[in-house]
Amino acid sequence: MLNRVRSAVAHLVSSGGAPPSRPKSPDLPNATSAPPAAPPQAPRSPPARAGSGGAAPARTVEARASFSRPTFLQLSPGGLRRADDHAGRAVQSPPDTGRRLPWSTGYAEVINAGKSRHNEDQACCEVVYVEGRRSVSGAPREPSRGQKEVTHESLVVGAIENAFQLMDGQMARERRGQQVEGGCCALVVVYLLGKVYVANAGDSRAIIVRNGEVIPMSREFTPETERQRLQLLGFLKPELLGGEFTHLEFPRRVQPKELGQRMLYRDQNMTGWAYKKIELEDLRFPLVCGEGKKARVMATIGVTRGLGDHNLRVCSSTLPIKPFLSCFPEVRVYDLTQYEHCPDDVLVLGTDGLWDVTSDCEVAATVDRVLSAYEPNDPSRYTALAQALVLGARGTPRDRGWRLPNNKLGSGDDISVFVIPLGGPGSYS
């Protein structure tokens, strides 16, 4: 996906606007770069039964690729074996060898507690350079009369959206050619020309912690958050429901004995509830069912945006679910040049394994607690923060599984965390 973003952004920059200055070192914070891109969640395939929680292993005709972790972790064979130990759940971070991630970015991860042998987050982090050219006159091109003006920001957003769509198409071709099944969520951060672009498709999230304040930079895309979009599609294209599902939502499953009675409902146009008379088609299974982490589309999948899943079918049915799943991300933009940032201001990216058990406020409190224990110019402070967030979500092993300090269950999912500093030495001009 990173190559898709790079080529798309290179095209838009070369078509107008001045090229950014190229820094001498790829680790300088004013690099025109694409730092941490974290595609969370491993390949998904249809769950073993309708409504089951969690992901099932991806199935392939050929032998599955060997277990792997992000290259920047520089794991030895022994370290790779420890990373694959679902019982030990060791926290992994890049080695402190002076060869750090861009901007001294911190990273930590831990795999799940055996939910699936094949369920593994993956992450990447690269610095790339985009070279452009000025117009012949050396001045920005003026839009022609009657032509809508398009900003650089909207071009970058479009390039990222296009990259997600191209990747989804590539996964469709791989499914046909190599019989590779499954899908994934994706959370990507791109820094370009003084702005941070956060693109999310799935249930991972990103927040900025600035001066102790939490600024959401993404939101989860679940059957609950996208209920109206899903219902609208089911209403406009009832053939996608196959006569098995209804696009309407009810507070609970409608029973045959309730035919002719009045019950609360809501459709694709409603945020509130109203009453309707129950008819025969209302007995069908709801398109969106359950709530919270148990919410599912067509009783099968718990996320509504992501890549792949072209072969996903309703359990014990031939109905495809892909038409209801969008590959397009929501892209939010943060202008770094509009604020004065201190070394304790950070962008935190986390997979759902973090956010399932950790609130935004708890993350902000951990940011303050950990970073205050380090000197502001100590680059290892951000890795220490990433490790603390992962450990806090994982918990410690006890008699009844992994537990948090309050004795609640820790996250049994994969947990991957990036911590990107927004201030400190250097500037983002």
Side-chain angles (χ1 to χ4, degrees), residues 44 46-47 49-54 161 164-165 168 183 185 200-205 216 218-332 352 355-356:
R44 297 188 304 265
R49 64 182 189 278
S52 65
E161 292 170 332
F164 273 68
Q165 185 180 34
D168 189 61
C185 301
N200 183 44
D203 55 3
S204 296
R205 287 201 295 112
S218 68
R219 61 190 176 102
E220 296 180 1
F221 290 101
T222 67
E224 285 187 307
T225 63
E226 292 214 283
R227 172 188 62 84
Q228 288 180 279
R229 178 182 73 80
L230 300 171
Q231 288 181 315
L232 178 60
L233 183 56
F235 171 74
L236 295 176
K237 295 187 175 182
E239 65 274 13
L240 296 177
L241 303 177
E244 300 179 27
F245 294 86
T246 173
H247 75 282
L248 300 180
E249 181 185 14
F250 299 91
R252 56 176 172 77
R253 184 73 188 277
V254 181
Q255 302 298 318
K257 64 181 180 181
E258 294 172 309
L259 280 170
Q261 298 181 18
R262 288 166 58 82
M263 182 178 288
L264 288 170
Y265 87 104
R266 57 182 177 180
D267 64 15
Q268 68 280 356
N269 300 309
M270 303 168 63
T271 56
W273 296 83
Y275 281 96
K276 79 177 294 288
K277 183 179 179 180
I278 298 299
E279 302 172 2
L280 189 61
E281 51 267 27
D282 297 330
L283 300 181
R284 298 169 181 169
F285 204 87
L287 171 63
V288 176
C289 63
E291 55 186 349
K293 294 299 291 184
K294 295 183 179 180
R296 293 291 184 269
V297 179
M298 304 176 93
T300 304
I301 189 169
V303 291
T304 53
R305 298 202 192 190
L307 307 173
D309 284 322
H310 296 276
N311 61 314
L312 190 60
R313 298 287 188 272
V314 174
C315 187
S316 302
S317 172
T318 59
L319 278 178
I321 298 180
K322 181 62 176 179
F324 292 98
L325 309 180
S326 173
C327 66
F328 285 96
E330 179 185 62
V331 184
R332 297 190 181 185
D352 59 328
W355 304 111
D356 283 350

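Just so you know, these numbers use all the heavy atoms, side chains as well, and skip hydrogens, waters and symmetry mates. By convention here, the first residue in the shown sequence is residue 1. Keep in mind that this is a model prediction, so the values were computed, not measured.
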Inset, instruction - Would you please test Arg305 and Glu226 for salt bridge (Lys or Arg N to Asp or Glu O under 4.0 Å) and show each step? - result: CA-CA 9 Å; Arg305 298 202 192 190; Glu226 292 214 283; 2.8 Å; yes
Legend entry - Sub-4.5 Å side-chain heavy-atom contact between Ser317 and Glu244: yes
Inset, instruction - Kindly indicate, with the supporting measurements, whether the criterion side-chain contact (heavy atoms from CB on, under 4.5 Å) is fulfilled by Thr271 and Gln228. - result: CA-CA 8 Å; Thr271 56; Gln228 288 180 279; 3.9 Å; yes
Inset, instruction - Report the C-alpha separation of Asp203 and Lys293 in whole Å, then their side-chain angles, then the decisive distance to 0.1 Å, and conclude whether the side-chain contact (heavy atoms from CB on, under 4.5 Å) test is met. - result: CA-CA 10 Å; Asp203 55 3; Lys293 294 299 291 184; 4.2 Å; yes
Inset, instruction - State the CG-CZ distance between Leu319 and Phe324, to the nearest 0.5 angstrom. - result: 8.5 Å
Inset, instruction - Measure the OG1-CG distance between Thr304 and Leu230 for me, rounded to the nearest 0.5 Å. - result: 6.0 Å
Inset, instruction - Among Thr246, Val297, Leu233, find the one that has a side chain to side chain contact (heavy atoms under 4.5 Å, CB included) with Leu287. - result: Val297
Legend entry - CG on Leu248 to CD1 on Ile278, rounded to 0.5 Å: 8.5 Å
Legend entry - More than 12 heavy atoms from other groups under 6.0 Å of CZ on Phe235: no
Inset, instruction - Check whether any side-chain N or O of Lys294 sits under 3.5 Å from a backbone N or O of Cys289 as a donor-acceptor pair, and report yes or no. - result: no
Legend entry - Distance-minimising heavy-atom pair for Arg253 and Leu283: NH2-O, 3.2 Å
Inset, instruction - Find out whether Arg205 and Pro216 are in side-chain contact, i.e. whether some heavy atom of one side chain is under 4.5 Å from a heavy atom of the other. - result: no
Inset, instruction - Identify the heavy atoms of Pro329 and Glu161 that sit nearest to each other, and give their distance. - result: CD-CA, 4.1 Å
Legend entry - Atom pair CG (Asn269) and CG (Leu232), whose distance is rounded to the nearest 0.5 Å: 7.5 Å
Inset, instruction - Hey, could you give me the CD/CZ distance between Glu224 and Arg296, rounded to the nearest 0.5 Å? - result: 11.0 Å
Inset, instruction - Please say whether more than 12 non-hydrogen atoms of neighbouring residues, nucleotides or ligands are located less than 6.0 Å from CD in Glu239. - result: yes
Legend entry - Identified side chain to side chain contact (heavy atoms under 4.5 Å, CB included) partner of Arg227 from the options His247, Gln268, Arg266: Arg266
Inset, instruction - Considering non-hydrogen atoms only, spot the tightest contact between Pro223 and Gly302 and give its length. - result: CD-O, 3.1 Å
Inset, instruction - Please examine the side chains of Arg284 and Leu241, heavy atoms only from C-beta on, and report whether any two atoms are closer than 4.5 Å. - result: no
Inset, instruction - Could you walk me through whether Phe164 and Leu307 pass side-chain contact (heavy atoms from CB on, under 4.5 Å), step by step? - result: CA-CA 8 Å; Phe164 273 68; Leu307 307 173; 4.1 Å; yes
Legend entry - Over all atoms of both residues, closest heavy-atom pair of Met298 and Ile321: SD-CG1, 4.0 Å
Inset, instruction - May I ask you to check whether over 12 heavy atoms, not counting those of Lys277, lie within 6.0 Å of atom NZ? - result: no
Legend entry - Leu325/Phe221 under side-chain contact (heavy atoms from CB on, under 4.5 Å): CA gap, chis, key distance, verdict: CA-CA 10 Å; Leu325 309 180; Phe221 290 101; over 6 Å; no
Inset, instruction - Identify the two heavy atoms, one from Cys327 and one from Ala201, that lie closest to each other, and give their separation to 0.1 Å. - result: O-CB, 4.4 Å
Inset, instruction - Give me the ring orientation class for Phe285 and Phe245: parallel if the planes are under 30° apart, tilted from 30 to 60°, perpendicular past 60°. - result: perpendicular
Inset, instruction - Any chance you could measure Thr222, atom OG1, to Glu291, atom CD, to the nearest 0.5 Å? - result: 11.5 Å
Legend entry - pair Met263-Asp282: side-chain heavy atoms closer than 4.5 Å: no
Inset, instruction - State, to 0.1 Å, how close Tyr265 and Tyr275 come at their nearest heavy-atom pair, and which atoms those are. - result: CE2-O, 3.7 Å
